[in-house]
Amino acid sequence: MSEDEPHGIRIHLDRVLAERGMTLTELSSQVGITVVNLSVLKNGRAKAVRFSTLSKICEVLRCQPGDLITHDPTDPA
């Protein structure tokens, strides 16, 4: 699969942030990732995410990776 092919991965960071009453800026500060990089992830434009980053986001947001990422092959990105 090339990088430009649809993949069906959906990122739900905006929903989880809203549920937690947290802004992207607050998450950035607590995770140690730039707002720009978190925005790329939130908007589904990231090509990859490090497990260490995902782990830290989950720790701060008190959630599981499946709360942030889902796969829907019938609705490619």
Original post:
Does a side-chain heavy-atom distance below 4.5 Å link L13 with L61?
Top reply: yes
Original post:
When rounded to the nearest 0.5 angstrom, what is the spacing between OG1 in T53 and CG in L41?
Top reply: 9.0 Å
Subject >> Q30 and E59, any side-chain heavy atoms less than 4.5 Å apart >> reply: no
Original post:
Considering only heavy atoms from C-beta outward, does the side chain of L24 approach that of K42 to under 4.5 Å?
Top reply: yes
Original post:
Side chain of R20, backbone of V60: donor and acceptor closer than 3.5 Å?
Top reply: no
Original post:
Is there a donor-acceptor pair closer than 3.5 Å between any side-chain N or O of R15 and the backbone N or O of D67?
Top reply: yes
Original post:
Step by step, would you call L38 with I57 a side chain to side chain contact (heavy atoms under 4.5 Å, CB included)?
Top reply: CA-CA 10 Å; L38 282 175; I57 291 170; 3.9 Å; yes
Original post:
Side chains of L17 and L27: closer than 4.5 Å at any heavy-atom pair?
Top reply: yes
Original post:
If two hydrophobic side chains count as joined below 4.5 Å and joins carry through other members, does M22 share a cluster with V35?
Top reply: yes
Original post:
Do the side chains of D72 and I9 get nearer than 4.5 Å, heavy atoms only?
Top reply: no
Original post:
More than 12 foreign heavy atoms under 6.0 Å from CZ of R50: is that the case here?
Top reply: no
Original post:
Hey, is the main chain of I33 close enough, under 3.5 Å, to the side chain of N37 for a donor-acceptor pair?
Top reply: no
Original post:
What pair of heavy atoms forms the shortest contact from P65 to C58, and how long is it?
Top reply: N-SG, 3.5 Å
Original post:
Less than 4.5 Å apart, any side-chain heavy atom of I11 and any of T70?
Top reply: no
